[in-house]
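Report on the structure given below.
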Amino acid sequence: MKKYLKTAGGVLGLIMSPVFSYLLFEYVTGNLLKIPVSQAVMNVGWMFLLYLAVFSLSGSSRVSIPVSSFIFYFISLAEAFVVSFRDRPIMLWDVLAVKTAMTVAGNYRFMPAKSMVFAGFLLLLMNLVLWFVPVRVKGWKQRVPLCAGGFILAFGCGSFLFTRIASSMEVNLWMINDTYENCGFFLSTAASIKYMVKKPPQGYSRNRVQEIYEETRTAQAEENTKETKAVQPVNLICIMNESLTELKVIGDYTTNIPYFPFLDSLTENTMRGSLCMPVFGSLTSNSEFEFLVGDSMSMMPGNSIAYQFFVEPQTKSLVSTLKDQGYTAIAMHPYSGDNWNRRTCYRNMGFDAFLDFEFYRGSEKIRNYISDQADYEKIIEMVEEKESPDDKLFLFNVTMQNHGGYEGVYDNFEEQVWLTGELEGKYPKTDQFLSLMKESDAAFEFLIRYFENCDEPTMIVMFGDHQPSVENGFFDDVYGVPSSEVLWQDQLVWYETPFWIWTNYETESRDMGRLGAIYLSSYMLERAGLSMTPYNQFLLSLSEELPVVHFLGCYTEDGTYYPWGDAEDGGHSFSQKLKDYEILVYNHSLDQRKVNEMFSLPGN
């Protein structure tokens, strides 16, 4: 009798382990009380599949329970830390970016919360108790059928959960936190699988792409008849500055000293404005994708990583457009070249060289990263080493100085800026970030002063890749209401970073206001007096009506907001052009059969 009770206890423990793992998992993430019972049951179902698979292979609960329960526990820790650092859950696509994450992980403070420690204690207690009531299937004659049956059952349950439940769920991939908080991690992850493949937009065909090309080429031919006297720069330097942001776009605050004294004064021979980026706090490569390629991430599979999927060999981009006009194209980044798959993507775009961390050995650091000043000294070095002053050079530089996290004390970095007034001492991460902004300001002044005295016509473009992940409370305080209460259309302030296009020769000064990141390289080409592809011309035309195309929706020059459904199907003057843009993006980045003449200079 005692033996049967022990066996029954072991079987019950094996069945209930996924339930216990679920409770601990969502307790660690902080979402346990937000998830309805019906959704919780489905999450347990997904977790049960791992327990079943491991038990089928091992034939012992002494293997399946510890292995499965600790896998789920460590995933819950990773999820909690990732959400706290970048305010975004772990997605399927992030598996491909693990190496990138690990290279910067050492710069964040991993302090376990009480919930993590308590959950770890309960997990050990569960495993200790169930160790003494094991369930075993002995002998291969019994284990082989168990293994086969277990995997058949796991496959059947998984198929049912996905086809009948997860696949029918609608997930807002642009407000993904809400889905994970209210539906649970595993159900939300399963439901997001269907979004990994993007269907062609309505009305898509290669013939339609060809028609758009012909329409744009006709308009371009008329535009080319206009006389242009723009100076063409010999040196074209584009800098995507890590986390560079003017946080006052969100709300007003005061600091002890100005942190952008030079950048605020930079107006002569300068086009400037506020660039609307596709990401907040992370996923840097998506920002540079929009700049270099011109395709909006809002039209890609939701929350995907562009550099992992969409940059294939011979991708047409700003790089190919400039190389076709005689520029040598060099990418620079003072960190690991493998991060975000950059090495492959830059090669696919056609960069002639990629200079990563090895090129910067011995350069000055601020905190744990190469400083902007040291980075810009390398830019100058590249210009000075040209064989001839007339050689055309395109440099695309991605900085690292301002990367998160913004905490800790460093011997090589003195914080000079801090919040004052009611916010003084309240947000130390923000204080450190603003001090880094002052370092970036000084470094950019150094770069501009050098090229002011350079005889070679030079254009310098700089923009921030995304806003920083500082304290959430700071954003709430300066905006005036909690982030959760900010209207959807007003959340664009979290995606704005500044940009400047400066020349060391006379050009018109202009404030562009808000501008989508997809347009910046086309405006740069126009200002530089360089030839543009039909796609560049199309983007400039679209920007006249919709200067911001974003996953939040579309915005006109006067700030009028249009949600996506209304923007495309509301019969507005820009609706058809917006649909055409989606068709072009699909052909450019997602279709294997591309209409390359749309994205190339004539004759190339």
Side-chain angles (χ1 to χ4, degrees), residues 30 80-89 104-116 177 181 241-261 263-264 274 277 279-284 366-369 371-372 399-442 464-487 490-498:
F81 280 126
V82 166
V83 170
S84 68
F85 292 144
R86 70 178 191 182
D87 196 31
R88 175 180 174 272
V104 297
N107 299 287
Y108 293 88
R109 283 188 173 182
F110 296 88
M111 296 294 293
K114 292 180 180 179
S115 60
M116 298 176 183
N177 287 20
E181 289 173 4
N241 194 298
E242 172 66 41
S243 298
L244 187 79
T245 304
E246 173 51 276
L247 290 172
K248 288 184 179 178
V249 297
I250 299 168
D252 197 27
Y253 55 87
T254 58
T255 55
N256 61 316
I257 57 173
Y259 48 87
F260 279 159
L263 288 169
D264 285 342
S274 188
M277 311 309 295
V279 294
F280 173 88
S282 63
L283 294 178
T284 294
I366 287 181
R367 302 184 303 155
N368 296 320
Y369 300 112
S371 69
D372 284 359
T399 73
M400 275 300 290
Q401 173 190 285
N402 304 324
H403 199 285
Y406 309 107
E407 48 198 342
V409 178
Y410 301 87
D411 293 335
N412 62 356
F413 174 56
E414 179 184 356
E415 295 187 23
Q416 304 177 56
V417 184
W418 56 84
L419 297 165
T420 56
E422 295 180 358
L423 302 182
E424 185 168 352
K426 193 174 180 181
Y427 298 115
K429 290 183 181 180
T430 305
D431 288 342
Q432 186 172 118
F433 171 77
L434 293 175
S435 295
L436 289 168
M437 292 300 95
K438 192 172 191 313
E439 297 287 347
S440 289
D441 180 88
D465 60 346
H466 54 67
Q467 291 192 11
S469 290
V470 295
E471 296 91 346
N472 289 335
F474 169 78
F475 291 99
D476 295 346
D477 272 353
V478 297
Y479 192 83
V481 298
S483 301
S484 59
E485 298 177 15
V486 178
L487 296 176
D490 295 334
Q491 294 176 16
L492 191 63
V493 294
W494 299 334
Y495 298 91
E496 293 183 47
T497 67

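Sequence positions, counted from 1, serve as the residue numbers for this chain. Computed from a predicted structure; not experimentally measured.
Rounded to the nearest 0.5 angstrom, F474 CZ and L419 CG are separated by 5.5 Å. Between the CG atom of L436 and the OH atom of Y369 there is a distance of 10.5 Å, given to the nearest 0.5 Å. Note that the CG atom of D477 and the OH atom of Y427 stand 3.5 Å from one another [nearest 0.5 Å]. Note that NE2 of H403 is 11.5 Å distant from CG of N368, once rounded to the nearest 0.5 Å. In this structure, OG1 in T245 is found 7.5 Å from CZ in F260, a value given to the nearest 0.5 Å. Taking OG of S243 as the reference point, atom CE of M400 lies at 9.0 Å (rounded to 0.5 Å).
With Q401 contributing its side chain and E242 its backbone, the two residues share no donor-acceptor pair below 3.5 Å. Using modelled atom types, no side-chain atom of E407 and backbone atom of Q432 make a donor-acceptor pair closer than 3.5 Å. With R367 contributing its side chain and G408 its backbone, the two residues share no donor-acceptor pair below 3.5 Å. Checked by atom type and distance alone, the side chain of E471 pairs as donor or acceptor with a backbone atom of K429 at under 3.5 Å. In this structure, T497 contributes its side chain and L244 its backbone to no donor-acceptor pair below 3.5 Å. Side chain of Y406 to main chain of V470: no donor-acceptor pair is present (N/O by atom type, distance under 3.5 Å, no hydrogens or angles). At least one donor-acceptor pair closer than 3.5 Å links the side chain of S435 to the backbone N or O of V417. A side-chain donor-acceptor contact under 3.5 Å links Q491 to the backbone of V486.
Residues that satisfy the ring pair (Phe, Tyr, Trp, His ring centres under 6.0 Å) test with F413, not counting sequence neighbours, are absent from this structure. Residues forming a side chain to side chain contact (heavy atoms under 4.5 Å, CB included) with T420 (at least two apart in sequence, or on another chain): T254, N256, W418, E424. Checked against side chain to side chain donor-acceptor pair (under 3.5 Å), K248 has no partners two or more places apart in sequence or in another chain. Judged as a side chain to side chain donor-acceptor pair (under 3.5 Å), and not counting sequence neighbours, the contacts of N402 are N241, S440. Shown here are the side chain to side chain contact (heavy atoms under 4.5 Å, CB included) partners of A442, two or more places apart in sequence or in another chain: there are none. Among residues two or more places apart in sequence or in another chain, the side chain to side chain contact (heavy atoms under 4.5 Å, CB included) test is passed with N412 by K365, Y410. When the side chain to side chain donor-acceptor pair (under 3.5 Å) test is applied to Y479, no partner is found at least two apart in sequence or on another chain. Applying the side chain to side chain donor-acceptor pair (under 3.5 Å) rule to D476 yields the partners S483; only residues at least two apart in sequence or on another chain are considered. A search for side chain to side chain contact (heavy atoms under 4.5 Å, CB included) contacts involving P482 returns S484, E485, not counting sequence neighbours. Looking at residues two or more places apart in sequence or on another chain, you find a salt bridge (Lys or Arg N to Asp or Glu O under 4.0 Å) between E496 and R514.
Here salt bridge (charged side-chain N to carboxylate O under 4.0 Å, His left out) pairs that include residues 414-423, with residues two or more places apart or in two chains, number zero.
Applying side-chain hydrogen bond (donor to acceptor under 3.5 Å, both in side chains) to Y259 and the options E246, K438, E439 leaves one that passes, E246.
Within the 4.5 Å cutoff, the side chain of D441 has no heavy atoms near those of the D264 side chain.
Smallest separation of non-hydrogen atoms from P468 and F280: O-CZ, 3.5 Å.
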- Item | M437 and L247: CA distance, side-chain angles, deciding distance, side-chain contact (heavy atoms from CB on, under 4.5 Å) verdict | CA-CA 10 Å; M437 292 300 95; L247 290 172; over 6 Å; no

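With no hydrogens or angles considered, a side-chain donor-acceptor pair links H466 and T284 at under 3.5 Å.
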